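Presented below is the structure to which this report refers.
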There are 2 protein chains.
Amino acid sequence: MAEGQGTESGQALLFLTDEQLRKGIEAMFFAYRAFTADPDRILTDMAYGRAHHRALHFINRSPGTTVTNLLAILNVTKQSLNRVLRTLIEDGLVESRVGTTDKRERHLYLTEAGAVLERQLSDAQRDRMRAAYRTAGPAAVAGFRQVLEAMMDDEARRQYDELKEPKG
Amino acid sequence: MAEGQGTESGQALLFLTDEQLRKGIEAMFFAYRAFTADPDRILTDMAYGRAHHRALHFINRSPGTTVTNLLAILNVTKQSLNRVLRTLIEDGLVESRVGTTDKRERHLYLTEAGAVLERQLSDAQRDRMRAAYRTAGPAAVAGFRQVLEAMMDDEARRQYDELKEPKG
DNA sequence: ACAATACGTCAGCCTTGTTGACATTCCAAG
DNA sequence: CTTGGAATGTCAACAAGGCTGACGTATTGT
């Protein structure tokens, strides 16, 4: 109750002190660091980085996605993505198939080995997320998601929503 | 209600599907990117990066803090921090005073110019946070903070809590 | 035939993380 | 008092992973 004034609809003006907002900012900073720490630990043991994790995650999420799709989601240059993708393909974690209808496109898939690593990484991340969700409870989880979604810019929210429904 | 089962206390076991957890993971990814986008834009216009922002933030937060303190909070090597601090000091944004009781220590303060930039950066970040808070409403904000805090590891939570009370 | 698209690559730059070596300062044990 | 170890901070060199710019190639669609 001491948090502010307003209705459940979230339309009323809230008094938000700089102090309250600063706490939110610092919570994001520390939580995000913890959020990435577990996969990072696994990755450094095998000469990969966070960029490889992101690629594996979204290829697993959308098997057969094209390089251009991935570029849009990750928001990096193709040179940057290519460096990561090349090592993953060379190491046999990702397969790149020439498109059937459009032969310019490359469709990306995880190999068996790629799926194993992806699972290992996302298991670690999910474990932490699950523990946090259980500690905070369902009502808090709903609020957590609401605030995060409200924080995204339109472009990010569009991409996020598209990923929401696996079978679109 | 469709989110899971459990009590407000957050102690009951929740059924959390991989799908629910994946959504949370992706929400963190996209939201954090948006969260850092505004300061990043300002910084690249002036040849600084996110590391400079972090240093300015925590020096502003705890004026007179030592290099070692800052190292513990930022979780980087002192060599990495030093490079950033050096440019900030050279550019007159941060002042480094030799400790009085222990001359090995350097106490860090923002200069006028440093405070101006810090304010500019945190204003941008606060604006986004405020908008998200207002959209989501106070109940969601409370849940947001609860989940983020539950996600931190013990070390991060300790640092976060220490920062909570400005005059602790 | 030609322009646009999708992808890959080379070269070179910047930020920001790393390790290793080193100087200074403090403190405590001899 | 001196001396050795611990704490603090600086310099040098390297790697990951962003970036821009330019270019080549295959394919598609007008």
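Throughout, protein chains are lettered first and strands after them, A, B, ... in sequence-line order, and every chain is numbered starting at 1. If you're wondering where the values come from, they're calculated on a predicted model, not measured in any experiment.
Here the C1' atom of nucleotide dA7(D) and the CG atom of D102(B) are 8 Å apart, to the nearest Å. Between L108(A) atom CG and dA6(C) atom P the separation is 14 Å, expressed in whole Å. Note: NE2 (H53(A)) to P (dG18(D)) measures 14 Å, nearest angstrom. Regarding N69(B), its CG atom lies at a distance of 15 Å from the P atom of dA7(D), rounded to whole Å.
Distances shown here put every side-chain N or O of R86(B) at or beyond 4.0 Å from the OP1 or OP2 atom of dT16(C). Within the structure, a side-chain polar atom (N or O) of H52(B) is placed less than 4.0 Å from OP1 or OP2 of dT16(C). Close to dG18(D), at under 4.0 Å from its OP1 or OP2, lies no side-chain N or O of T77(A).
Nucleic acid contact class of T68(B) (heavy atoms, under 4.0 Å, all strands): sugar-phosphate only. Backbone-only engagement by T101(A) is indicated by non-hydrogen atom pairs under 4.0 Å involving sugar-phosphate atoms exclusively. Counting non-hydrogen atoms under 4.0 angstrom, K103(B) reaches the backbone sugars and phosphates but no base. Counting non-hydrogen atoms under 4.0 angstrom, N75(B) reaches nothing in the nucleic acid.
In this pair, H53(B) and H57(B) present their aromatic rings perpendicular. The plane angle is above 60°, beyond the 30 to 60° band. Aromatic ring orientation, F58(A) versus F30(B): tilted (interplanar angle from 30° to 60°).
Taking for each of E105(B) and T100(A) the nucleotide of DNA chain D with the nearest heavy atom, the 5'-most of the two is the partner of E105(B).
Taking only distance into account, the side chain of Q79(A) never meets the base of dG8(C) through a donor-acceptor pair shorter than 3.5 Å. Contact annotation: side chain of R83(B) to base of dG17(C), donor-acceptor pair present below 3.5 Å.
You'll find that the side chain of R104(B) is closest to dC26(C), out of dT15(C), dG21(D), dC26(C).
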Under 3.5 Å, side-chain donor or acceptor atoms of residues 79-87 of chain A against the rest of the protein: list the pairs with distances, not counting sequence neighbours.
residue, atom, partner, partner atom, Å
T87(A), OG1, H52(A), NE2, 3.3
T87(A), OG1, V84(A), O, 2.8

